Number of protein chains: 2
Amino acid sequence: MSTAEATRRGVPDAAVARLPGYLRALTALAGDDVASVSSEELAAAAGVSSAMLRKDLSYLGSYGVRGVGYDVGRLASEIAAALGLTQDWPVAIVGMGNLGRALADYRGFAERGFRVIALLDHDERVIGEEVAGQRIRPMTDLEALVRDDGLAIGVIATPPAGAQAACDRLVAAGVRSVLNFAAVVLAAPEDVTVRKVDLSTELQILAFHGHRGAVAEAVAP
Amino acid sequence: MSTAEATRRGVPDAAVARLPGYLRALTALAGDDVASVSSEELAAAAGVSSAMLRKDLSYLGSYGVRGVGYDVGRLASEIAAALGLTQDWPVAIVGMGNLGRALADYRGFAERGFRVIALLDHDERVIGEEVAGQRIRPMTDLEALVRDDGLAIGVIATPPAGAQAACDRLVAAGVRSVLNFAAVVLAAPEDVTVRKVDLSTELQILAFHGHRGAVAEAVAP
DNA sequence: GCGTGTGAAAATCTTCACAGCG
DNA sequence: CGCTGTGAAGATTTTCACACGC
């Protein structure tokens with residue numbers, strides 16, 4: 001099965017969400033000069049079951065060798081290709097508050113093939129300020145960034161009240177992938193992929209589990 | 001069905017993950033002095049289908065009125081209770097780099113019942129420094145925080161290399177809920193709930209969708 | 001022999017569609 | 001009548017277990 005075929009047939013969303021984890025584990029192994037891994041080892045490194053790992057990889061094709069395992073470099077390339085990481089992805093961060101600035105400084109982006117090509121804010125008072133070696137630019141630069149620099153991903157780090165407007169501006173400029181850190185549900189056209197990262201939600205889920213543990217103990221000790 | 005019963009029988013994980021979204025939408029409605037909502041309206045505000053919303057709420061009990069809808073205040077209370085948010089949850093942030101500092105400044109925590117009671121770092125050079133109105137404290141304070149302040153949730157914002165050690169320290173001190181921002185898979189005992197937030201992973205998933213769209217167009221225009 | 005790749009089974013999650021009740 | 005609550009159907013995801021091929 002070629003990569004194009006696998007892509008066309010569709011890798012399940014749940015599997016796609018785990019591929020970055022496999023890629024990271026493989027990169028770490030390659031850094032330790034490990035040349036080959038079994039599904040058991042790689043699964044342990046990525047924190048999943050070996051059956052799930054093999055199933056996930058089977059959606060991409062047959063890149064392992066029976067009785068042996070997977071070639072670390074080869075598998076990393078195949079996963080990177082499936083994720084579309086053969087190219088660099090230009091990213092713009094919108095909203096230069098605390099979070100936006102922390103994200104601008106975050107090293108992990110560049111390491112994984114994402115280039116932060118612009119920091120944007122709609123507040124004129126911060127435009128021109130320098131953060132992480134880049135000047136903060138106005139939202140009106142968006143169209144040029146998409147046209148001239150191939151901007152494809154927007155990261156929204158604005159306060160909740162400004163997030164929908166920021167999203168609308170990104171979409172109007174032609175950005176079709178959005179990562180939203182603001183605590184609101186964004187409306188966007190169907191062909192735009194929006195993903196959300198929400199700290200409070202995560203803590204509330206943790207609270208549920210902490211709480212539930214306590215209740216379960218009280219009910220059935 | 002009482003809350004205790006619902007909790008014992010178990011609310012599906014997928015439903016739990018959506019409850020914070022419903023709670024947020026309800027809080028917004030309450031702020032606008034809306035007293036009652038239909039599942040259709042609330043679902044739209046939370047970005048899910050009305051059938052899913054009703055199904056999710058049914059795991060908690062029957063808090064709606066047929067032909068009418070849900071009382072906003074009542075439903076918010078019930079969801080908060082199910083999530084265990086009737087109490088404040090003390091939180092400690094471990095790792096005072098860029099991300100840790102941004103998190104320390106983040107207002108959303110307090111708004112949703114999470115109290116950041118301590119900022120910790122293992123590097124002596126930053127201990128004592130003031131961030132967001134609190135002094136950075138050494139990791140050795142952990143036991144006292146758990147014992148005296150009921151610390152229950154740890155947020156790991158260390159570099160990847162220090163994350164497992166930070167997690168081990170938290171667990172040893174008695175923390176049973178961990179939110180991990182570091183790009184590593186953490187090993188922890190079964191009774192500890194670990195959730196992961198990973199910026200690079202989110203971007204890679206976005207890249208997959210952006211890429212896949214382009215490939216799909218090329219294959220079947 | 002060993003570990004991958006994969007059908008088939010099991011579990012989980014989502015949607016449907018309508019009975020039931022205010 | 002209108003909207004909730006929910007069994008049942010459908011879709012998706014995960015696990016199982018073993019055939020297959022190096």
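Protein chains get the first letters and strands the later ones, always in sequence-line order, with residue 1 at the start of each. The structure displayed is predicted, hence computed values, not measured ones. As a basis for the values below, the full set of heavy atoms in this structure was taken, side chains included, without hydrogen atoms, waters or symmetry mates.
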So do the side chains of A:Arg195 and A:Val178 get within less than 4.5 Å of each other, counting heavy atoms only? no
Taken to the nearest whole Å, CG/A:Leu53 to P/D:dC16 is 15 Å
Reported CG-to-NZ distance for the pair B:Leu186 and B:Lys196, which is rounded to 0.5 angstrom: 8.5 Å
Student check: side-chain heavy atoms of B:Trp89 and B:Gln87 closer than 4.5 Å: yes
Does D:dC3 have OP1 or OP2 sitting under 4.0 Å from an N or O in the side chain of B:Ser39? no
I want to check something: taking the side chain as every heavy atom from C-beta on, are A:Ile156 and A:Phe181 in contact at a cut-off of under 4.5 Å? no
Rounding to an integer number of Å, can you tell me how far A:Leu19 CG sits from D:dT13 P? 13 Å
Closest-nucleotide mapping onto DNA chain D: is B:Val37 or A:Gly67 further toward the 5' terminus? I mean the 5' end. B:Val37
In residues 186-197 of chain A, what residues come within less than 4.0 Å of DNA chain D, judged by heavy atoms? none
In whole angstroms, how far is the C1' atom of C:dG22 from the OH atom of B:Tyr63? 19 Å
Round to the nearest Å and state the distance from A:Glu40 atom CD to D:dT15 atom P. 13 Å
When rounded to the nearest 0.5 angstrom, what is the spacing between CG in B:Asp13 and CZ in B:Arg18? 10.5 Å
Is there side-chain contact between B:Leu119 and B:Val94, with at least one heavy-atom pair below 4.5 Å? no
Can you list, by residue number, the residues of residues 69-76 of chain B that have a non-hydrogen atom closer than 4.0 angstrom to DNA chain D? B:Gly69, B:Tyr70
Side-chain donor-acceptor pair under 3.5 Å between A:Tyr22 and A:Asp56, yes or no? yes
Rounded to whole Å, CG of B:Leu57 lies from C1' of D:dT4 at a distance of 10 Å
Say you draw a straight line from CG of B:Asn180 to CD of B:Gln164; how long is it, rounded to the nearest 0.5 Å? 9.0 Å
Please step through salt bridge (charged side-chain N to carboxylate O under 4.0 Å, His left out) for the pair A:Arg24 and A:Glu111, ending with a clear verdict. CA-CA 11 Å; A:Arg24 170 173 308 140; A:Glu111 275 168 29; over 6 Å; no
List the protein contact pattern of nucleotides 6-15 of chain C with one symbol per nucleotide (5' to 3'): B for base contact, S for sugar-phosphate-only contact, - for none; contact means a heavy-atom distance under 4.0 Å. BBB----SSB
Within the 4.5 Å heavy-atom criterion, are A:Tyr70 and A:Ser36 side-chain neighbours or not? no
Taken to the nearest 0.5 Å, the spacing of A:Leu99 CG from A:Leu199 CG works out to 7.0 Å
